[in-house]
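For reference, the structure discussed in these notes is given below.
Chain letters run A, B, ... following the sequence lines, proteins first and then strands; every chain starts at 1. Values in this document were obtained by computation on a predicted structure and should not be read as measured data.
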There are 2 protein chains.
Amino acid sequence: MRTKITLKHIAKELGVSISTVSKALKNSEEIGRETKEKVQAFAKLYNYRPNNVAISLKNKRTKNIGVIIPDIVHYFFTTVFRGIEQYANKQGYNVIVCVSDESFDKEVINMEMLANGSVDGFIMSLSAETQKKNDFNHLKEITDQGIPLVLFDRVTNEIECDKVLINDKEAALFAVNKFIENGRKKIALITTEDYFSVSKAREAGYREALSASNIQVDESLIMKLPFMEVDKDALKAFFTNNRLDAVLCVNEIFAIHGMNLVQKKGVKVPEDIAFIGFTDGILSKYANPGLTSIAQHGEKMGEVAAKMLIEKIEDEKEDEEVTYRTEIIETTLIERGSTIN
Amino acid sequence: MRTKITLKHIAKELGVSISTVSKALKNSEEIGRETKEKVQAFAKLYNYRPNNVAISLKNKRTKNIGVIIPDIVHYFFTTVFRGIEQYANKQGYNVIVCVSDESFDKEVINMEMLANGSVDGFIMSLSAETQKKNDFNHLKEITDQGIPLVLFDRVTNEIECDKVLINDKEAALFAVNKFIENGRKKIALITTEDYFSVSKAREAGYREALSASNIQVDESLIMKLPFMEVDKDALKAFFTNNRLDAVLCVNEIFAIHGMNLVQKKGVKVPEDIAFIGFTDGILSKYANPGLTSIAQHGEKMGEVAAKMLIEKIEDEKEDEEVTYRTEIIETTLIERGSTIN
DNA sequence: AAAAGCTACGCAAACGGTTTCGTGTTAATA
DNA sequence: TATTAACACGAAACCGTTTGCGTAGCTTTT
């Protein structure tokens with residue numbers, strides 16, 4: 001078992017000092033040609049690589065970024081992560097992922113764990129519980145220490161930092177307008193409890209679209225499902241109690257459930273009822289009929305978030321006060337069989 | 001902007017030495033009661049946390065584990081990652097994820113990047129390209145250096161290390177037997193090129209099941225699709241050219257594609273043709289009809305892999321020679337509408 | 001031949017901790 | 001009163017690098 005070789009080993013073996021070895025490997029002008037060659041040859045032979053941890057300590061830079069997301073087994077977050085990882089890697093950064101599991105405590109613990117020097121900055125999306133509690137002290141701690149933070153998708157106004165969002169409201173508005181253009185009138189919204197920043201925005205878009213077309217918003221057509229658990233009976237009741245033309249859902253799962261439900265009753269999609277969901281994930285693509293959905297371009301979001309973060313990390317001007325940006329990623333409506341034939 | 005406080009700061013502020021502070025915070029017997037209280041109070045007040053990087057350097061332990069997977073936007077890998085992350089976190093480890101993107105070069109680069117002290121061990125699943133090239137020198141490097149490595153799912157016999165697998169062959173055999181029990185005879189297999197360890201094992205199970213029931217294996221019923229790109233036309237041709245009873249697919253996507261294709265032609269699932277896929281993912285659950293599939297219990301796999309890795313990492317007996325295990329995670333057949341009504 | 005200038009290298013501090021060992025002070029013992 | 005033990009703390013080494021600065025030894029200049 002060859003153990004990792006260090007500068008010290010090389011120095012001892014070659015009878016020179018550690019600093020000479022270090023400089024020789026960096027091709028420093030200070031070191032003579034022969035010595036450099038000797039050292040470099042030896043280093044290559046024994047496959048010397050500098051120890052990342054030591055370098056991190058020296059530079060006070062880990063070249064790691066921390067990503068804290070509520071869930072990883074979830075198409076949207078996965079794609080965002082993909083974007084982050086790709087961009088970060090290109091810039092020589094590694095990514096440490098922690099899953100908060102929608103739990104406030106886990107979110108806090110994970111942040112604290114990573115904040116003690118393990119990462120140079122954070123990219124995160126708030127857990128459901130955090131949004132419900134409205135407690136952001138852990139984020140405040142981080143930013144107060146000058147550690148860069150980028151929030152995406154599930155954000156809060158309480159914290160000043162860079163943010164990446166989609167145009168939730170406009171996307172919902174656009175989708176509802178699409179329904180209206182096609183002559184649909186009884187348009188429902190299936191959403192989550194509204195402590196979610198995104199759900200709130202989407203609902204606003206829904207309402208605005210209806211109002212703009214002089215359609216009275218019927219509160220009974222807005223269904224709020226508890227987060228992450230689809231109450232099938234409630235959903236069934238919702239569909240039997242209401243004669244609907246169209247349904248906008250804040251995620252894929254709600255939409256697929258809805259489609260399966262009505263189709264089982266012989267209602268035709270899209271002839272009798274149309275569906276649009278948020279998140280253009282794998283389910284939308286393979287559903288039958290395909291689900292028209294609002295693509296959030298998670299990979300792009302991740303890339304932008306990573307870029308913003310790394311810029312902040314590598315920006316040296318710690319003296320001047322920092323400014324924060326909010327980037328909006330435009331959504332795209334991907335039309336499939338659930339709205340058109 | 002409060003900057004991170006160090007032992008040195010506390011020491012200077014309190015007029016004691018750094019070592020005294022360090023010991024006081026560890027509640028060492030060596031330090032007097034008063035001093036300890038003073039130091040601890042001060043540390044708490046200023047929210048002192050030891051710098052992880054410094055500790056890593058001292059201990060030669062990072063408490064990080066590296067996970068290298070071919071793809072993250074992929075249900076199975078995501079669930080495995082979930083299992084790894086959960087277990088690792090419970091044990092105080094963080095997880096650095098690198099995506100090889102099915103590329104040999106990226107796999108190598110990622111490994112080398114992390115191997116220089118950034119992680120204490122690796123969990124990985126081989127990229128497609130690596131399996132095709134059959135080049136495992138980068139893994140050899142790692143194990144030669146005594147860095148623990150656990151391979152899962154896509155493994156190789158060329159490397160001696162811990163492994164976590166599913167009983168691919170038996171699962172395929174079981175599934176095919178299921179078809180046969182139901183009176184199906186013309187049973188097809190849709191798989192990938194066979195440089196994949198898993199595909200090979202599944203094909204073996206398929207063949208064995210048929211042979212055991214004295215059904216001649218019809219080579220034309222075995223379709224090998226190039227990896228990751230479903231050739232729709234080839235698939236369509238396959239289904240029109242063969243009158244099939246049942247199809248076993250090595251993944252969800254192939255199965256869903258198949259189902260959608262035959263259903264579009266008016267063929268009834270499961271009456272005329274039954275489908276079983278590997279990976280009990282989100283698609284299987286929401287397909288119409290639901291896809292019967294072989295659950296690989298990714299989360300369990302991840303947990304087991306993480307456990308094996310951390311045991312190796314924390315096992316001090318570096319003098320004795322190490323032994324390697326291969327753990328098999330049993331699969332479960334989840335029956336849905338694609339095989340039964 | 002003395003002064004100056006290079007060349008090529010080593011020393012030591014620094015990053016932020018942990019830990020072993022030594023030591024000054026006081027209190028207990030002979 | 002001299003000896004010793006206990007106590008409470010500090011100095012220093014160490015983990016692996018980087019880097020500013022000092023300097024020995026040689027060459028060049030005048």
DNA chain D contacts among residues 109-120 of chain B, heavy-atom distance under 4.0 Å: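 None - not one residue of the stretch has a heavy atom sitting under 4.0 Å from the strand.
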Nearest-nucleotide 5' precedence on DNA chain C, Lys23(B) against Lys58(B):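 Between the two, 5'-proximity favours Lys58(B).
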CA sep, side-chain torsions, deciding dist, call: Tyr46(B), His9(B), ring pair (Phe, Tyr, Trp, His ring centres under 6.0 Å): CA-CA 10 Å; Tyr46(B) 286 92; His9(B) 295 137; 9.7 Å; no
Centroid-centroid under 6.0 Å between Phe81(B) and Phe77(B) rings: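 Phe81(B) vs Phe77(B): aromatic centres not under 6.0 Å.
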Residue pair Lys312(B) / Ile310(B), side-chain heavy-atom distance below 4.5 Å: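 SC-SC contact between Lys312(B) and Ile310(B) ruled out.
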Over all atoms of both residues, closest heavy-atom pair of Val164(B) and Met301(B):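 Taking every non-hydrogen atom into account, O-CE, 3.3 Å.
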Over all atoms of both residues, closest heavy-atom pair of Tyr324(B) and Asp162(B):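 For Tyr324(B) and Asp162(B), the tightest heavy-atom pair comes out as CA-OD1, 3.3 Å.
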Between P of dG17(C) and CG of Asn59(B), the distance in whole Å: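 These atoms are roughly 13 Å apart.
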Whole-Å gap separating C1' (dT19(C)) and CG (Leu25(B)):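 To the nearest whole Å, that distance equals 15 Å.
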Interface limits on DNA chain D, where chain B has a heavy atom under 4.0 Å of a nucleotide atom: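 So the outermost contacting nucleotides come out as dA8(D) to dG16(D).
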Presence of salt bridge, Glu37(A) and Arg33(A), under 4.0 angstrom: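 Salt bridge flag = yes for Glu37(A) with Arg33(A).
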Lys/Arg-Asp/Glu bridge criterion (N-O < 4.0 Å) met for Glu311(B), Arg325(B):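 Result for this pair is yes, salt bridge flagged.
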Side-chain N,O (Tyr48(B)) to OP1/OP2 (dG16(C)) below 4.0 Å: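 Tyr48(B) to dG16(C) OP1/OP2: no side-chain N or O under 4.0 Å.
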What do you reckon, is [atom1] of [X] surrounded by more than 12 foreign heavy atoms closer than 6.0 Å?
X: Asn157(A); atom1: CG; result: no
X: Lys163(B); atom1: NZ; result: yes
X: Glu13(A); atom1: CD; result: no

Indicate, with a heavy-atom threshold strictly under 4.0 Å, whether [X] touches base, sugar-phosphate, or nothing.
X: Thr6(A); answer: sugar-phosphate
X: Lys60(A); answer: sugar-phosphate
X: Lys8(B); answer: sugar-phosphate
X: Val16(A); answer: sugar-phosphate

Of residues 26-47 of chain B, the positions that come close to DNA chain C - non-hydrogen atoms, cut-off under 4.0 Å: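 Those residues are Lys26(B), Glu30(B).
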Contact nearer the 5' end of DNA chain D, comparing Ala54(B) with Ser19(B):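 It is Ser19(B), whose closest nucleotide lies nearer the 5' terminus.
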